[in-house]
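Following: one structure in C-alpha cells, then a few remarks.
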Number of protein chains: 2
Amino acid sequence: MQSDNPTAAILVIGDEILSGRTREGNAHHLAQVLSATGFDLREIRVVADDHDRIVAAIRALDGSLGGDYDLLFTSGGIGPTHDDITADAVAAAHGTTVEIHPQARAILQARCDRMGTELTENRLRMARIPVGATLIDNAVSGAPGFSIGNTHVMAGVPEVFRGMVDWLIPRLSGGRPVQSQSVEVRRGESDVAEDLRAVADGFPDLSLGSYPFQDQSGWGTNLVVRGLDADRVAQAMAALKDRLGL
Amino acid sequence: MQSDNPTAAILVIGDEILSGRTREGNAHHLAQVLSATGFDLREIRVVADDHDRIVAAIRALDGSLGGDYDLLFTSGGIGPTHDDITADAVAAAHGTTVEIHPQARAILQARCDRMGTELTENRLRMARIPVGATLIDNAVSGAPGFSIGNTHVMAGVPEVFRGMVDWLIPRLSGGRPVQSQSVEVRRGESDVAEDLRAVADGFPDLSLGSYPFQDQSGWGTNLVVRGLDADRVAQAMAALKDRLGL
C-alpha cells in the first residue's frame, strides 16, 4: 500500500508475555487505533524486562535516534516494582537520566491525599521520569506515562494503556486513515490466488490480502482490500468480485 | 531467571496483525509450549509481508546466521497467494534459493488426488521450499512448513500452526521446563513492591514478577515466581507469603 502516513512501531516490554502467562492485547488495540487515525504501523516487538534489550530495541525503532520508524509506542514496564526498569532504559536510549518529575510527584501526592494514603518511597518510584520528557495523562490510576524524542511510554495494565492511548493519539499528527473492504468466499486460498494477484497488479497503490480460515463448513478465505483512497478500494473490490463471479 | 535452556525468538509475518484486523494468537500459543518444554523465549517480532524486513529480521534473530537466539520460529506468510513471500525471504536470509521440493509436491499431489482436484500452478506454489530445508508436517491441510538453519517456518492459520508446533517441538532438544507459582493479593502493586524486591534479592536464580490488575472489587496484584527448580520456586513463594502475612 502506498502511503506517506507517519510510520510507527510498538515495543511491548514484559516477561509475562514471553513466558506465555499473558496474551498480549495492548498492541492489538493500538494497531486498530493507529490504522483508524492515519499511522502506518510497521513493526511490533516484544522483549523481556532486560535493560540492554530495551535500550537496543528503542534505538532500533525510534526514528529520532536513527531507528527505522517515525514514532515508537511502548507498553509495560513502568510502575513501582523491582522489575520495572523501563524508565531507566528509555532514558539511557535517549542519552539522559531519570529524576523525580515534579508534576508527576504532584499528581501522585494529590491521589494519595484523596485516598488517605501515604506517598511511600515505592509509590514515588512512579514519578521517576527521564529528564526532558513530557507526561502522558493517566486518568485511570494517576501514575503518568511519558514522551521523549519520538518514544511514547505507556503502562502495561490494559485499562491504563487504553486510557493513555485515548489521551495521546489525538495530540499526535497522523495522516489519512486506512480504508478497507473485505469479502468472505467459501473457497480455498489457492483457488482465489490467481484472481487476487491479477487485481492486485492493477492496483499497485492498494494492499490486497487473503486470509484462509477453517470452520465447521470447511475452508474459506477472507479477501481484504486496503488503501488510503476509498474510491480506489471500492474499485478494486468491485473488480475482485467481478472476477470471482460474486 | 538463570537458565542454560536454548533461547528462542518468534517472528510473526503478517500485514493483518499490523493493520489491527487480526489479534495475534500463534505467538501466545507457542510461548506457552516453549515455556513448558524448556525453551527460553526471549523476543517476539511482528513484521509486514515485506521481503527486506523479513530477511533482516531472520538474520537478526537466527543464531545460525549470527543472530541473537538459538532458535527462530516463524508464523505466517506461507501459502499460495501473491503476498506469501516468506519462502523466498527465508531462502535469501539463508543464502539459498527456492525450488519445488519433490516430497512437498508429492504430499500436495496425494492430497489433490484424494480430494479429486487438480494440482494447479497456484497450489503447487505451496511446494516452493528453500534448497536444503527439511519439511515440517502439516496434518491439517497438507502444505508443509520447513526448517533451514535454525529457522522453523510455519503457517499462520491457527489450526495449521498448532498442528505444526505439535509435530515440530518434540523433535527439538529443549532444556528444563519452567516451574512457576503465583498468588493473587488484593493490594496495589506499590504496596507489595518492597516485599517482592526483598524476596527477589534472596533468590537471584529465580524470576519474580508482579502484575497489577483492576476488576469490580478494585485493584489487585498477581505475584508470580518462576524458575527451573521447583523446590526453589516453592521456597521463594513461601518466603513471599510469609512477608505478606498470607
Side-chain angles (χ1 to χ4, degrees), chain A residues 12 15-25 27-36 41-49 53 79-83 120-123 125-126 140-141 157 159-160 178 180 189-194 196-197 200 207-214 219 224 226, chain B residues 12 15-25 27-36 41-49 53 79-83 120-123 125-126 140-141 157 159-160 178 180 189-194 196-197 200 207-214 219 224 226:
Chain A
V12 178
D15 289 341
E16 72 278 17
I17 311 294
L18 297 171
S19 73
R21 183 178 173 279
T22 301
R23 182 175 176 187
E24 215 292 314
H28 176 56
H29 172 71
L30 182 52
Q32 294 177 311
V33 171
L34 292 174
S35 187
L41 179 62
R42 297 274 182 88
E43 184 164 337
I44 301 168
R45 286 193 197 184
V46 185
V47 299
D49 300 332
R53 286 279 167 204
T81 68
H82 72 290
D83 56 358
T120 59
E121 200 181 314
N122 278 321
R123 292 204 177 100
R125 283 176 62 84
M126 294 187 283
V140 177
S141 58
V157 178
E159 295 80 2
V160 180
V178 173
S180 76
E189 193 181 16
S190 55
D191 282 340
V192 296
E194 194 177 321
L196 190 70
R197 207 175 298 133
S207 162
L208 278 73
S210 63
Y211 307 103
F213 62 87
Q214 194 181 23
W219 285 88
V224 181
R226 279 189 292 264
Chain B
V12 178
D15 290 341
E16 73 278 19
I17 311 294
L18 296 171
S19 73
R21 183 180 172 278
T22 301
R23 182 174 175 187
E24 215 292 314
H28 176 55
H29 172 72
L30 182 52
Q32 294 177 312
V33 171
L34 292 173
S35 186
L41 178 63
R42 297 275 182 86
E43 185 164 337
I44 301 168
R45 286 194 197 182
V46 185
V47 299
D49 299 333
R53 287 280 167 203
T81 67
H82 72 289
D83 56 359
T120 59
E121 200 180 315
N122 279 319
R123 292 205 177 101
R125 284 176 62 84
M126 294 187 282
V140 177
S141 58
V157 177
E159 295 80 3
V160 179
V178 173
S180 76
E189 193 181 16
S190 56
D191 282 340
V192 296
E194 195 177 319
L196 190 71
R197 205 174 299 133
S207 162
L208 278 74
S210 63
Y211 307 104
F213 61 87
Q214 194 181 22
W219 285 87
V224 182
R226 279 189 293 263

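Bear in mind that the values here come from a model prediction, so they are computed numbers and not experimental data. What's counted below: heavy atoms across the whole structure, side chains too, no hydrogens, waters or symmetry copies.
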Would you mind telling me which of [options] has the largest number of heavy-atom pairs within less than 4.5 Å of chain A?
options: B/T22, B/L34, B/T120; value: B/T22
options: B/I17, B/N122, B/V160; value: B/N122
options: B/R53, B/E194, B/R23, B/H28; value: B/R23

Heavy atoms of A/E159 and A/V140 approach each other most closely as O-CG2, 3.6 Å

Note: A/L18 and A/V47 closest approach over all heavy atoms is CD1-C, 3.7 Å

What part of [X] is in contact with chain A, defined as an atom under 4.5 angstrom from a non-hydrogen atom: side chain, backbone, both or neither?
X: B/S180; value: neither
X: B/V33; value: neither
X: B/E24; value: backbone
X: B/R45; value: both
X: B/V12; value: neither

Side-chain touch B/V224/A/R21, heavy atoms, less than 4.5 angstrom: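 Of all side-chain heavy-atom pairs linking A/R21 with B/V224, at least one is under 4.5 Å.
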
Side chain to side chain, A/E189 and B/V157, heavy atoms closer than 4.5 Å: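 Result no, sub-4.5 Å side-chain heavy-atom pair not found.
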
Between B/R123 (side chain only) and A/D191 (backbone N and O only), is there a donor and an acceptor less than 3.5 Å apart? no

Only pairs of heavy atoms separated by less than 4.5 Å count here; which of A/A31, A/S35, A/A27, A/A48 has the most with chain B?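 Looking at each of A/A31, A/S35, A/A27, A/A48 in turn, A/A31 comes out on top.
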
Give the member of A/Q32, A/H29, A/E43 that has the highest number of heavy-atom pairs under 4.5 Å with chain B.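 Highest number of heavy-atom pairs under 4.5 Å: A/E43.
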
Under 4.5 Å to a heavy atom of chain B? For A/Q214 that would be both

